[in-house]
Structures are given as C-alpha cells and as structure tokens.
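This report concerns only the one structure given below.
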Protein chains: 2
Amino acid sequence: MSARDEFDDLCQEKRPKDSVRTITDLAGIAGVSAGTVSRALANSSLVKARTRDRIQALAREYGFRPNQMASNLRRQKTGVVGVAIPLGHDRHQQVSDSFFMTLLGHLADELTDKGFDLMLRRVIPDRDEDWLDKFIGSGMIDGLIVIGQSDQFDRLEDVADGYRAMVVWGNHREGQRHCVVGTDNRLGGRLAAERLIADGAKAIAFLGDTGPIEFGARFAGAQEAAQRLGVPIKAFPTHLSRDVMQGEVARYLPGLIKDYDGIFAATDTIGVAVLHQLAKMGVHLPDQVRLVGFDDLPIASQTNPPLTTIRQDIRAGAQSMVDLLLRRIAGHTSESVVMPPQLILRGTA
Amino acid sequence: MSARDEFDDLCQEKRPKDSVRTITDLAGIAGVSAGTVSRALANSSLVKARTRDRIQALAREYGFRPNQMASNLRRQKTGVVGVAIPLGHDRHQQVSDSFFMTLLGHLADELTDKGFDLMLRRVIPDRDEDWLDKFIGSGMIDGLIVIGQSDQFDRLEDVADGYRAMVVWGNHREGQRHCVVGTDNRLGGRLAAERLIADGAKAIAFLGDTGPIEFGARFAGAQEAAQRLGVPIKAFPTHLSRDVMQGEVARYLPGLIKDYDGIFAATDTIGVAVLHQLAKMGVHLPDQVRLVGFDDLPIASQTNPPLTTIRQDIRAGAQSMVDLLLRRIAGHTSESVVMPPQLILRGTA
DNA sequence: AGACAAAATGCAAAGGTTTGCAATTAAAAA
DNA sequence: TTTTTAATTGCAAACCTTTGCATTTTGTCT
C-alpha cells in the first residue's frame, strides 16, 4: 500500500463531518442504499437489527440528521401546529397580553408532549384580509389553533367547512360551524353579577369592550342577571392594551364610584388595574365597592386583596384544544367544548 | 359542437378548486410553463406584466398557493426562526413563566414585523441531551433564539462556532463565544443590594436559585455590594415553578424576617409571592422589611404596594436579539449586547 | 426587410426524503 | 441439495418549487 493510498484511506475514514449532508452520502459510507438508511433512521423493523444499529451509529458519528423539509414534502405533513393570535378588536393589544400568553404556554406544553412543534403567528386581520387562508394554505402546518375569535367570527365560519383541522378558542354560538373550545361566558357573566348583588351591590359597572363576542357574552349574562334582580348595569368600554387601559380606568373610576358600587371587570387584567386605581384613591374593598374579575390569571391570587374572579380553566382548555385538534388532524370529527366557569371567592367581593 | 363537448368545456372552465394543487396544474390552465407561473407568483420582473397579472388572477380564482415546503426545500431557507426555551435548572417551571412569556411576546411582534415566522419549542435538556443539535439540524429554521441559558452554557458554547445564526438571552461572561443579549445581572444585583442598604436594611436575604448563571450573577453582585458595605447576606434557594415557589416562600418568611430586614427577590414573580406572603403575615413594607425584585414585569407596577425592582428592558432586548439574529442569518457577524439594568423605585424599598 | 438586442418564456435539473414494488439473500422445510 | 417461504435490501418514482441556461418572441434600428 502506497503512502498515497494510506492517505486516501485516512481521508475516507476521517471524512469531514459536513461532507455527509444527505441520506445518500450516509448510504455511500454505510455501503447500503438510501432507502435502507431512511428506514434505519426511522427505526423501521424492515431493516435488520444489526444494519440498523450500524447506520444509526454512523449517523451519530457524522452528526447526520435527515432534512426535515424534504421529509415534510414527501410525507405531506410537518409535525407543526400553527397558533394564530388575531388582534382584530384591539389593534394595539400586544401578543404579550397576559391571558393569551398563559393559554399559549399551556398549548406549548401540551403540543410538545404530543410531539408537535408550534408555529406562532400574530395576525392583524384589518391589515391582511387573507390571513386565515394564507396560514392554512401555507403548507407549513398540519393543523391550526386560533386563540380568540376577535371580530373574525364570520371568516372562521367561512373556512370551517373546507378546512377541518382547526380549533378556535372563544365563545360558542348555537349552530356555529367552526370547532370551538371555551368557557360559557354568558353563564360566567351571570355568576359575576349575581355575586356582586349578593354581596350588596346596588348598581353594576361593566368595564370592558362589548364588541368582541366573548366579552359581549359576559356582559349579556351579567345584564340578564341584573335585570332579573332589578339592579341597573352599564358598560364602560375599556381596551386591553395596558397603557390605554390604565388611562381609561383612571379616568372612569373617580366619577364611576359615585353611581356604582359593584364592578365587573371583563378580564383580570382590567380587574387588577381597577384594584390598583382604587387603592390609589383610597377606596376600600369590598365595603365601599365590590369587584369581580374574569379569567383567574395567576396574578389574581397575588393581589392585595386577592381578586374575586370567574375562573376559566385555561389549562384544561388548552388540553381540550389539542385533543380535539389531533383528532381532527387524524380525520375524525369532534364537537365543540364549552367549559363551565367557576366563581372563585377571594377578597374583593 | 355537441352537447357532450359543451359539457366538457364547462367542466374545463369551472374546474373544481381543489383540482389545482400544484404550480403545474395552474400552468396548464394558464397555458404557460410551470417556471413562468413560479416567476409570476413571485412578482418577478422577468415575466411580462400582462401574463403576470393574468396568472395571479387565476391563482386567486382557484385559491392556489404554492407549497411552502417544496419552496423551502428548493431555496434552502424557511423564513422561520426557532425559539427554544430550555427548562434545565427547574424542570417543573412551565413555559407559562411570566418573564419568558413577556419576552416571547415581544419576540413574536418583532419577528412578525420582519416577515419571519416563529417556531416555539420547549426543551428539557435533561430528558433530551441532543436538543440543540436537533433543532438546528432539523432544517426547519433559518436561525435560532434561545431564551435563557439555564444550565446549558457549555452546550451553547460548543455549538456557537459551528452555527452562527444563534442568539441567546442570558448573561454575558468575559470571552464567551456564543452571541448573547441580556442585562448586566451583576450590576443589577449590586443596585438592588445598595438600595436595600440605603433604605436601612441591616441584613439581606436573597430569594432565588443561584445555580442558573443569570441568577448567580445577581446574587454575586448583591454579595459584592453587601460585603463592601459590611452587611451580611444569605441566599435562600427558591424555585420558579409557581406552586413550589409559593410553598417555599411561605416556609422561609416567618423565620427569615427575624434575622433579615432586606429581601432581594431574584425575580419579580418571587417578589410578588413574597409580597403576598408578607401581607398575609401582616408585615408592613417598607418599614419592617424592604423588598426589591428583578425584571420589572407588568405585575410589578400593579401590586400593592407597587414593587421596587431592577428593570430589564425586555422589549429592547427582544429587538436587539432579532436585529443581531437577522444580521447573522445574512452572514455578518455581531457582538453581544449587555444592557444596563435600572433601579425602579416604587413602594417596597 | 434584415440584423441585432432585449424581453419573455420554456426546459430540465436540483433540492433530499419516503415508500411501493421488485429483486436479492437468508432461513426453513423437504 | 433443492424447493419454498420469509426476511432484507435496492430501485426509482413521487413530493412541488425554483432557477440557470437555452430558446423563442418581440421590439428597435438601420
């Protein structure tokens, strides 16, 4: 064997890592066909155990990993679930909104557990009419989770028949076509109002935007209970964007508490802002004013006094959404899930 | 023309939507080649304006959208940035952790603005040694953002030379190789301790886990200031998982406040838990005990009393990370960014 | 009308895997 | 040893776009 041969041989053995980029490269090294390598790496029982181990060892050695994109293309699936957050009713609301984030966190946990990746997209429907079809048609996702209907109810309905692998967080309306998971907002609103009244409220202020369907239902429920019990109620439009919200709350409250002694905050984030403002004003809860929030976010239990609120089980919701979605991806059908809200009595009502 | 011909013609015209799945299908309808369609849809100036418009109109009509996966494969890029959240030092900590979520929200906003999608992955390094190479090698992402070094500093260093398109949120250490964006935690720790002492604290308790490098630096900074000023300081290991944390805080505090009158919470979430527990115990801030948090999360300003804390500019951090990453994806180099922390005086110290 | 340049289009390879089917090899049965 | 069956492996098509290069069409200038 000549010196040159030895050298070549050495090169062969210590082939630089990045020279093996494709399954075919690895096949060449292993002395088998590309198909066999593919099967070996997929742990297929079609390939002999010894060959499989050998190939896997080689793959490890060369740091080889099959190209996902090619695999996705061939298999026509991606192992990725899209998560869209439409910011329709409140353009300034950031993804950083607390409720969305909490739900998103649980979704991430659930999806990861089931072996899916999560592709996050913030969409502004007003700025891009076509967002839903675009995301679905991108071919990048096996299914889609939409967090919040915002003002996109109709668009979601349009798409629901043609695209099954979609689950939406939001409010359920009789006979709707898109699969939704959410809390019975109307009932939640009723519970809140009933609690405020039971605690002695003579007039109720609803702080929130009644436009988005979820919040509208909360208000409607509260209205229903209030009317039934003969208590006046009025809505004060409040946005979710932190800065805007704080300003609004600060402007409303001083006048508001003269006429209203019960406050129903459409979300805990608003509730916390109210709490903060009341503290600033030296108003004492729950004697002078009663306050009920909605969501039961982590913050709710940490305020002082802790916030009485209507609980949505966000974690259970996330689990349901993922379950339903996977069932739909597998081609089965699935019904919507409406979860019962729960009154959590704490210090503010 | 026979009735049959007319029928066929009709079918041709009203070709069902889903029969045009590929660029080639559309090319057939438009009477051009696939290449031209591809260029037309990409708004290439190589194709005549009239043809281009016609093709785009057809694409709209048939609801056709080119398959991303195939496009990605061919172009060798995806327009997706990976975001990994390693949960190393605290296995039970959920993605739902407040700080991560806030940072993630800003990242989503930034990346969306720049036209990138965001692929989120929660990783548990202990359970999957190979997480980093896997994500990078997946071929699914053009670049990677890692939120938090956790206990993965060495692994990140290993990878940094071979894979440039990575930016990490975390602590900067002299001479490190991976590109990092973060706050000067050591300085932050010093500011916190100095403030506590200036406010009259005679002994400082640090509540947090000193293992993760970021928190370790915070403690080190506080220690340095305390020693310089002759004040004793001690660390009380506290985890980030909400339930665990609350238990620990509840267990520590009753005994702790006998010996310590200054508390430095490693994060605002811990700070809020402390605040809550102190309120329960009827301890008054900031007379009996002083408390400083870290992060300046949205909650910090909403507690009662509002939390004095060390601010990290999370939004600016997110922007930096995205900027640096895009520069790196484009093949340029970029240095780490260390942002100055800022003491935010509120009601607890 | 012819020559030439420029614009528009077509062709086909490349990107890397997966998988049905055919071909080979190994094992079992005769 | 030969035949039959089962276990492995190889082959090549399919997944769908993009893009360099070649070819055709269009337009301009003599």
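Just so we're clear, the structure is a prediction, and the values are computed from it rather than from any experiment.
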Which of the following nucleotides, dG10(C), dT19(C), dG16(C), is nearest to the side chain of Leu73(A)?
dG16(C)

Taking the minimum atom-to-atom distance to the side chain of Arg74(A), which one of dG10(D), dG10(C), dT17(C) wins?
dT17(C)

Atom CD1 of Ile23(A) to atom P of dT9(D): distance rounded to whole Å?
15 Å

State whether the side chain of Gln56(A) and the backbone N or O of Ala40(A) hold a donor-acceptor pair below 3.5 Å, judged by distance alone.
yes

Can you tell me how far OG1 of Thr36(B) sits from CG of Leu46(B), rounded to the nearest 0.5 angstrom?
9.5 Å

Counting side-chain heavy atoms from C-beta on, which of dA8(C), dT17(C), dT18(D) comes nearest to Thr51(B)?
dA8(C)

Closest-nucleotide ordering on DNA chain C, the 5'-leading residue of Gly35(A) and Ala70(B):
Ala70(B)

Using only atom types and a distance under 3.5 Å, with no angle test, would you say the side chain of Asp142(A) pairs donor to acceptor with the backbone of Gly79(A)?
yes

Heavy-atom donor-acceptor pair, Arg328(A) side chain to Arg164(A) backbone, under 3.5 Å:
yes

Does Thr36(B) place a side-chain N or O at less than 4.0 Å from the phosphate oxygens OP1/OP2 of dG10(C)?
yes

For Ala30(B), does its backbone N or O pair with a side-chain atom of Arg54(B) as donor and acceptor, under 3.5 Å?
yes

Mind calculating the distance between CZ (Arg75(B)) and C1' (dG15(C)) to the nearest angstrom?
12 Å

Would you mind reading off the distance between Arg39(A) atom CZ and dT9(D) atom P, rounded to a whole angstrom?
9 Å

Between atom CZ in Arg65(A) and atom P in dG16(C), what is the gap in whole Å?
16 Å

Euclidean distance, atom CE of residue Met69(A) to atom P of dT17(C) [Å, nearest integer]
12 Å

Starting from C1' on dC16(D), measure out to CE on Met140(A) and report it in whole angstrom.
15 Å

Between the base of dG15(C) and the side chain of Arg21(A), is there a donor and acceptor pair under 3.5 angstrom?
no

Per Thr22(B) side chain, nearest of listed nucleotides dT18(D), dC16(D), dC11(D)
dC16(D)

Rounded to whole angstroms, how far apart are CZ on Arg50(A) and P on dT25(C)?
16 Å

Picking from dT19(D), dG10(D), dT17(C), which would you name as closest to the side chain of Ser38(B)?
dT19(D)

Which part of the nucleic acid, if any, lies within reach of Gln76(B) when heavy atoms closer than 4.0 Å are counted: base, sugar-phosphate only, or nothing?
sugar-phosphate

Rounded to the nearest angstrom, tell me the gap between atom CZ in Arg52(A) and atom P in dT9(D).
10 Å

Of the candidate nucleotides dT17(D), dG10(D), dT17(C), which contains the atom at the shortest distance from the side chain of Ser71(B)?
dT17(D)

Residue Leu46(B), side-chain atoms from C-beta onward, closest of dG16(C), dT19(D), dT9(C)
dT9(C)

